[in-house]
Structures are given as C-alpha cells and as structure tokens.
There are 2 protein chains.
Amino acid sequence: MDQALPLYLGIQRELEARIRSGEWRPGHRVPGEHELLGHYGCSRMTVNRALSNLAAAGLIVRRRRSGSFVAPPRAEETVLAINDLKAEVEARGQAYRPDIRMRRERPATATDALRLGVAPGTPILALTLLHLADGEPHALEERLINLRVVPAAREVSFRDLPPGSWLLQHVPWTEAEHSIRAVRADARIAGLLRRRPGLACLVIDRRTLRAGAAIACARLTYPGDRHSFSSRLGPP
Amino acid sequence: MDQALPLYLGIQRELEARIRSGEWRPGHRVPGEHELLGHYGCSRMTVNRALSNLAAAGLIVRRRRSGSFVAPPRAEETVLAINDLKAEVEARGQAYRPDIRMRRERPATATDALRLGVAPGTPILALTLLHLADGEPHALEERLINLRVVPAAREVSFRDLPPGSWLLQHVPWTEAEHSIRAVRADARIAGLLRRRPGLACLVIDRRTLRAGAAIACARLTYPGDRHSFSSRLGPP
DNA sequence: TGTGCCATTATGTCTAGACATAATCAACCA
DNA sequence: TGGTTGATTATGTCTAGACATAATGGCACA
C-alpha cells in the first residue's frame, strides 16, 4: 500500500522514529548505507539522501570510515517567532496603529554608536514609537536606522507601515542578534506605556546586519502584564 | 582555483547571495534547472540539489510547471538556545550547585494537572530547586515530572545532576512548548532568590511531550538584574 | 620499537539517464 | 460560450554506476 510517500522519506522517518523513541540512544551506530540499501532494496543515492537529511537535522553524525551514529541530544532551543508588530497585533484581532512620538535624523552619539554598532557620527534615524492595539499601548519601540546603509528610510513616514515591517520588506538581512531580558519600567517607559513605574517589562533588543554592516536596531518593551511569547517545537 | 567546494554548494551559495543581497526580490523567478545546468555544465541532479536545499531553507519556493521563485521574507525568528542550567552556569566559568528546597511525590492536584497537562490524580514528582552559581541564586526551578511516563525519576536524587539535565539525557522528547514573560517577584520568589520583592524576573515555562503525552514541565525564574538571553542568527 | 605507507572502508559528490507528477496552456468539441 | 482533453513543461524521485576523500588499521621497513 504505497501511499505516495517518497522512499527516501520513508527510510528517513523510520530511522528518525527509532532515535526519537529512545530505542537508539546517543552514540548508537545507525545502519550504514550498504546495510540499508540491502534492507530496502533501493539504490545508494536514496539511502544517502535519507541519512544526509538526518545529519542536516542534527539527529545523526556521519563519519567517514566509521559510519553514522546517533548524535548527542542537542541543547534545547526555543524558537520565538517575532512577527512584525503590525501583524502581531492584527493576529489578535485588534486594530493596529503606530504612534510616532519622536523622529530625529542625527549623527550617531556615543550611545547610539554602541547600541547600533557603528562609528560615532554615522548618520542615523532615531525613532520612538508606540504600537497601539485598539488604542492601548501594546509595546514601545526605540529604533535606530543606519542611514548610510538605508538612505531610503529618510523619505518614509512610517505612519502606516511601522519601521520594522518596512525594513523587513525593503532590506534583506543576513544576520540578526537578539537579547531578551526583564526590567522594571522607569518613569519614562511607564509614562509612555501608561502603566505604573516598577511594572515588570519584557525587553527585546534586536540588531540586524547585512554582510557585517549594521542595518538597524530596535528595543521593544512589552508591558509584562499584557504579554508573553509562546512557541511550540517539534515535528508538525 | 577550485578550493574543494562541492559544486552543488557553489551553485547554492551563488543563488543565495543574489537573494540575500536583494538583487533578486521576493517573487523573482530563479533560473530553472535546465538553465542552470547549461550555465554550470553539470548534471541535473547537482543543480536539483542546490535548488532543493534553498527550498528547504525557505529561501525559494518551487512549483511544478512554473519554476522556482524567491520566497517572501520569512517572519523574523529568534532562536533562544536554552541549555540545561548546569551547563549554562559552568559556561560562565562559575561553580554550579543545585539546592533542592522541596521534593514531593503526590497525585496531581488541579493546579498541577493544568500546568502539566495531565488528568488530576496522575502520580507526579514535584520539585523546587535553586540553581546556585558560585553560591548565589542563579535561577529558581519549579518542576513537575509525570511519573506515569518517567517512573525512573522516583529513584533519582537530582543532587548532582539537576532534573532538566537528567531528563534531557534519559527521556527523548518530540515536542516542546515554551512561554516567556516578565513578572515581578512576589515575597516567596524574592525570598528564595534572595532579592527584594518587586524585582523584575524573566519567567520561562517549558513543557516537554513525547507522542502527545506530557513528560514534564518546568518554570524557570531568572532574576532580571542578572540575566538575559542572547542569540545570533544567520549563516555561520 | 617506532614510523611511514598502503589497503580498506564508509561516506561525499557527481553523472546521465529514467519515469512520475502536477500545473498550465491550448486546442477541441459540445 | 464553456467545459473537457491532451500536450507541454518543470519539478520530484530514483537508479546504477563512477571517482574522490578521510579515517582507520595493519604491514613492512628501518
């Protein structure tokens, strides 16, 4: 009963099941290509593809002359999908509106330079804006854009499309750095978010680069009483 | 000057560069297999591999009869590598010691059942422990283990190997759920972490499952003044 | 007793074909 | 005009070979 499942995928899943179930523990020797092609009666390219995919997924380690072995368990990883904020709010069924509180074009100060990772004096665009969901502050964004890399940002109002979404659509990035931490809202942050000072907030710092050059950075501050990030990992 | 770079990888990188640089925008038609094999003078399997890899990486979308196209930009994703805490502390060059503050075997209460996702009454092991780095509280862990799935946990002291590391090594998981948020430390949490109440803390809830059955869940509370999670995404 | 070299082995890459499948377009017939 | 059919096209999978490469172990030679 061939249910149109490609042969290489069938082999791949069968091996994967044995590893995930714990039947084959880390370090266990996986049958080699010759054993598998004998078992399944297919060509070497086909079992090679199955094994290569498992190796690419980090489930096995392949070594010449020795064979393939179940890889040690990988460190647990959380994948946080951070959509742009417009999509994030609209996904919750709320009306989105950005509220630009500050917009300034200037040479990078020492602080800017440190945050963005450019030389002081580099022309930048600094923005502070509130992301409103049904009129209520959803998050505060403090953004710096490197105008040397993205001069076109000078001409954009960001009144409809927030800078995160705009950049995502106009400037491809190759690397991104993130850091997530918890802080207490100081008076300024609390005022902007219309909360009491001292509220615990989730702060995400993101810096995107292309070919080593900093494109932009953003600090997103979410009121902790309103927000959490969730994710689910594993085979769908 | 062939620097031993496999042909398929060379093609793959060349195409990838054009996409990442923005030269080919989303929706742009990527040269098909026949065009590429004419250009590179290699067989179809080789260019197919390059294109398949790009499709697997989400950079292009392949459609029969139509061709291959640059994929729309993916939503930004943050990958948080959450190592087990012992490794996390030792990576910082500090001495790690777990301090078990509570350990109780009991049928799941209504609260437990909700957190872990099992039926009330299911036998569980509840643990509260402090992860100490050089004697200072690094994080608080409140863990529930489903003894129906992992009965062996009954016999483990967790005094050397904390439960997170033990489970990682002994029970393979297939799915994991995470949620990250910021909260203010209440009196109990603050006392355990030896901080002032009201401190902003990062709270990570993690639930691991195998084949739909809950294995364990953990709530990790990090004092916000000591900790942040970082990650870097992109080609190595 | 080393030490360098060679044969063995398993994986890594690649070729030149093959048939299958899905989507699309155009021609055809009602 | 509208729906059906068939040809075309690009991708998807697969085969049976090939040579390359890295690691290992043993053998021979000094």
CD of B/Q12 versus P of C/dT13: gap in Å, rounded? 11 Å
Would you say that more than 12 heavy atoms from the other residues, nucleotides or ligands in this model lie under 6.0 Å from the NE2 of B/H39, or not? no
Any side-chain N or O of B/Y8 under 4.0 Å from OP1/OP2 of C/dT13? yes
Please report the distance, rounded to the nearest Å, between CG in B/L37 and C1' in C/dT15. 12 Å
So, OP1 or OP2 of D/dC14: does either fall under 4.0 Å of a side-chain N or O from A/R49? no
Heavy atoms from C-beta onward define the side chain here; which of C/dT11, D/dT11, D/dT15 lies closest to that of A/E33? C/dT11
Just N and O in the side chain of A/S68: are any of them under 4.0 Å from OP1 or OP2 of C/dT11? yes
What nucleotide, of D/dA16, C/dT13, D/dT13, holds the atom closest to the side chain of A/S43? D/dA16
At less than 3.5 Å, do the side-chain atoms of A/R65 and the base atoms of C/dT8 form a donor-acceptor pair? yes
Go nucleotide by nucleotide along DNA chain C from the 5' end; which of B/L9 and A/G67 gets its closest nucleotide reached first? A/G67
For atom CG of B/N48 and atom C1' of C/dG17, their distance in whole Å: 14 Å
Here's a test of your reading of the structure: between B/V30 and B/M45, which maps to the more 5' nucleotide of DNA chain D? B/V30
Rounded distance in Å - OH (B/Y40) to C1' (C/dC14): 16 Å
Picking from A/R20, A/R13, A/R18, what satisfies salt bridge (Lys or Arg N to Asp or Glu O under 4.0 Å) with A/E16? A/R20
Over 12 foreign heavy atoms within 6.0 Å of CG, B/D160: no
Applying side-chain hydrogen bond (donor to acceptor under 3.5 Å, both in side chains) to B/Y40 and B/E14, what does each step give before you reach the verdict? CA-CA 12 Å; B/Y40 289 97; B/E14 201 160 313; 3.0 Å; yes
Output yes when at least one side-chain N/O atom of A/S66 is less than 4.0 Å from OP1 or OP2 of C/dT11, else no. no
Counting heavy atoms from C-beta on, name the nucleotide in D/dT11, D/dA22, D/dT24 closest to the side chain of A/R64. D/dA22
Taking C/dA18, C/dG12, D/dA10 as options, the one with an atom nearest any side-chain atom of B/R44 is C/dA18
Distance test, side-chain N/O of B/T46 to OP1/OP2 of C/dT13, below 4.0 Å: no
Closest approach of B/S21 and A/R210, non-hydrogen atoms and distance? O-NH1, 3.8 Å
Between C/dA23 (P) and B/R29 (CZ): distance, integer Å: 16 Å
It should be established whether B/R62 places a side-chain nitrogen or oxygen under 4.0 Å from OP1 or OP2 of nucleotide D/dT11. yes
Just checking B/L7: base, sugar-phosphate only, or nothing, at a heavy-atom cut-off of under 4.0 Å? sugar-phosphate
